[in-house]
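Convention: sequence-line order gives letters A, B, ...; per-chain numbering from 1.
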Amino acid sequence: MAALSVAEPTKKSKNLNVVEEYEKTNPKKSASFVVIGHVDHGKSTLMGRLLFDLKVVDQRTLDKLRKEADAIGKSSFALAWVMDETKEERARGVTVDFATNYFETDATKFTILDAPGHRDFIPNMIAGASQADFAVLVIDSSTNSFESGLKGQTKEHALLVRSMGVQQLIIAINKMDLAEWAEDRFTEIQQQMSAFLVAAGFQAQNITFVPLAGLTGENVVNPVPKDKAAWYTGPTLVSALDGARATTRAMEKPLRLSINDIFRGGVINPLSISGRIDQGTLQAGDAIVAQPAGETASIKRIEVASQEVDWAVAGQIVILHLTDIDPIHLRHGDIVCHLSSPITTITEFNAKVLAFEHLLPGFVDVHRGPLHVSGKIKGLVATLDKSSGEIAKKKPRIVQPGQVARVSVEMEKGMSLEEGMRIVLRSEGRTIGAGLLE
Amino acid sequence: MRLIRSAIDRRRGEGSCTLLPSEPEDMWHIYNLVRPGDNLRADTIRKVAKESNAGGETDAGSRKQIQRAHITLTITVKSTDFDPASSKLRVSGQCSVENEYVELGQHHTIELETEKQFTLEKVDGWDSIALDTIREACKPERSAELWAIVMQDGLANICVVTPYQTLVKQKVEVSIPKKRIGGVDQHEKALGKFHGVVLSTMLRHLDLTLTPPPPLLIASPGHYAQGFFKYMQETAKTTSNKPLIAFLPSVVVTHSSTGQVSALNTALNSPAMKNKLRDAKYATESKLMDDFQTGLRLDNGKAWYGPEEVTLAVEKGGVGRGGGVLMVSNSLFRSNDIEERRRWVALVDRVRDVEGGEVRILSSLHESGKRLEGLGGVGAILTFPMPGLDEEIEEAKVAAKVGTETGGEGEGDVGLIIN
Ligand SMILES: Nc1nc2c(ncn2[C@@H]2O[C@H](COP(=O)(O)OP(=O)(O)O)[C@@H](O)[C@H]2O)c(=O)[nH]1
Ligand SMILES: [Mg+2]
């Protein structure tokens, strides 16, 4: 490790047993959720509202956004602009990349991942969802919007997060102001969605429906006034969020962190990365390697939710300030590991996938978290029985939507993947399948 | 390409011809023509050793002087290596006609390129595919070109599309930091820099002064393409770049699903593009593949892919008059296995001449051809359904080798996929 002792003294690792530290400190529950759903159904506005009502965003900031939004004739997007910060997003009124933000309730520290709904940006949605413990699916309840969302990304997003491992869903039935808080409409959407979600493999007890209005704020943090919707006695969005179960964290496994962002963390931190620790733990001073390039670096400092910390564990989304590395060797989607247990890089694999659409041999983009690589389905190995996993038919000519199949995939260049990782297959802008690497 | 001299006996397929390639596209045709076993005669350079006392580069320890001799050599082809980017074809083989410098059987590599004449003899005969290739390549008009940039955030592929090839001239990748709470400066700055890199790379690879200017397609998901085009327009004005300003009307901005080259397909078929194109060979080809894949999805027994299935379908008379279409990737005709090559030529001849069906040969350097290659290189649209074709083949196989492993390797937990 001679290469690591350069000019600036590398921070010494305290050699903590991070798992023990974690158990000792018994930290407050933390959870991250991805906000998904069809474009324009009000995801960003809802998150802006949530942060404003919880006073994470102050009145002055919102007033400023209101003024700027008014100025370009996009007044109704002021709350969404809390999340949609780029010029492009504001000019067009569409989220392009997922936005990360934080808030805390008495019980939980939350990380918001506000995903884009537009079909063109599903790769970014997948990147966001890969960092989440659970999901909030936003559905516009107004006339025809729910229906057109079903043909659009409402179902696709729900299926995607399910096949990426998300088990808990909060369904925010949004824009209830436009639906005049009609119980019928709420029930209609609830029934249709329940049927679909259960068929898609969600368990009914893991789905919570909340009627709300992000723009005006009813049932987000503050309950809807009784005179508007006496029929509703369930939780607000915030209490539904608090009710989400903590997910288990694979702390004992080797470190795996997918790099979502590479940036300049400031004058003293010329190179920083961020991403979620998928498994394992890390601490300041650790020597790491970014795969597939195999570049080593050392962790100078760690931030979690804008706070500096000494260590972090699986499930946390962290910023790592690095030293002893050249930025040109890092790429979005690389996997950070400890030197002792680097992940393998492969160019071919077999995967067991659920077909969203017809599967044929041919081009696919293979998505794993923030990374996507061009490749092709080389062969359809077999269709599998859904319940037993036994081979139903070898070498099918085509796999029908809804079937489970084993496919062999070859990629244009090496990708860091290992058994059990979740991948999504997309082609010509459509999700055609998702599943597990074998 | 020009046919300088032809001595091919059309009936028996024997003989040789002399060709002069003139444009890069011709080299692709020649790559498809020259196969192992052929005799190739062309001018070439060979390092030869000569007894001499004069100075110059000397071979270690000997009195021999190494000279570069310009000679005309005939070789029997062993292998070929085509570089689409430089349009050069390297042909390796063994000297087959003795001469002053090279002994019979010695190895030599001839580099073929545009404006360099050569003679090709096919010992085992010229087949219909090879003859078609020459006819196609020797059409007088210059093949129409189209330029394309497919892009997304931080990725751009600068491509040249000709009737037979899609060449990625340069791939541009720039790491763009994401937006973070209260901070989009790094993101916006990197995006601006990305535009700059794409434009300067484009100007290096595309000659804007060609007349008439080829259309340039800029395609992306979202609005990256519009953003880049706007940058291009502004830069043209602020830098008073006359050729670029004059070129702007040739630009078409459209949508693509991703920034990968494989997304070019749908972008090329966009209505905006169709109006711009006279020769849209690749567009018809990719439309054909789209239709074919739609047919496969319908699963009505009228669309089949894979060598065995398609061969059987032809044998059973399913690919004939009244809508039968055979699609073959030209990579199959480049097989080094002569029997394999003959098999596909025979199938093509049969469909065209005996069955009366339509034959489409797709270039493996286009996305449509690559898609077909993914399906085993051949596909067919039948005139009537043959639903049990695959089972028939399986049964034949099982019958052929009884006792081979058939057991299932069924295991594992499908539930995991969605748990
Ligand atoms: N009336 C009404 N409009 C809403 C509500 N929530 C969002 N909107 C509007 O819906 C549009 C799209 O919102 P946005 O948050 O950008 O949607 P996203 O694409 O899902 O993030 C904006 O014009 C919002 O003002 C709501 O609860 N009621
Ligand atoms: Mg949004």
Salt bridge check, B/D299 against A/R397: does any charged N sit closer than 4.0 Å to a carboxylate O?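 Answer for the salt bridge query: yes.
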Quick one: do A/K393 and B/D390 make a salt bridge, cutoff under 4.0 Å?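 Salt bridge: yes.
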By a 4.5 Å heavy-atom criterion (distance strictly below it), what part of [X] contacts chain B: side chain, backbone, both, or neither?
X      : value
A/L51  : neither
A/V96  : side chain
A/K376 : neither
A/Q400 : side chain
A/P396 : backbone
A/R92  : side chain
A/T100 : backbone
A/F98  : backbone
A/H332 : side chain

Which residues share a salt bridge (Lys or Arg N to Asp or Glu O under 4.0 Å) with A/E89, sequence neighbours left out: B/K179
Carefully, step by step, assess B/E173 and A/R331 under the rule salt bridge (Lys or Arg N to Asp or Glu O under 4.0 Å). CA-CA 10 Å; B/E173 271 179 296; A/R331 277 162 194 269; 3.5 Å; yes
How many angstroms lie between atom [atom1] of [X] and atom [atom2] of [Y], to the nearest 0.5 angstrom?
X      : Y      : atom1 : atom2 : answer
A/D365 : B/S262 : CG    : OG    : 5.5 Å
A/I262 : B/Q186 : CD1   : CD    : 11.5 Å
A/I398 : B/Y305 : CD1   : OH    : 7.5 Å
B/T258 : A/R426 : OG1   : CZ    : 9.0 Å
A/N124 : B/D153 : CG    : CG    : 6.0 Å
B/D185 : A/T86  : CG    : OG1   : 12.0 Å

Max heavy-atom pairs within cutoff under 4.5 Å with chain B, candidates A/H118, A/R119, A/E88, goes to A/E88
For each of A/P116, A/P361, A/S274, A/P401, tally heavy-atom pairs with chain B at distances under 4.5 Å, and name the one with the top tally.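 Max contact count across the listed options: A/P361.
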Does NZ or CZ of B/R371 fall inside the cone over A/F363's six-membered ring, less than 6.0 Å from its centre and within 45° of the axis? no
Segment of B/A267 engaging chain A (4.5 angstrom heavy-atom cut-off): neither
B/Q260 and A/S374: side chain donor to acceptor below 3.5 Å: yes
Polar contact flag, side-chain donor to acceptor under 3.5 angstrom, A/D120-B/Q152: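 No, because no side-chain N or O of A/D120 sits under 3.5 Å from a partner of the opposite role on B/Q152.
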Do you know which of [options] has the most heavy-atom pairs with chain A at a distance under 4.5 angstrom?
options                : answer
B/L372, B/I181, B/N265 : B/I181
B/E188, B/R180, B/H187 : B/R180
B/A263, B/G374, B/P221 : B/P221

More than 12 foreign heavy atoms under 6.0 Å from CZ of A/R264: is that the case here?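 It does: A/R264 CZ has more than 12 such atoms within range.
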List the atom of B/G222, the atom of A/F121, and the distance in Å for their closest heavy-atom pair.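 Looking at all heavy atoms of both residues, the closest pair is CA-CZ, 3.6 Å.
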Quick one: closest heavy-atom pair of A/D261 and B/I176, and the distance? OD1-O, 4.5 Å
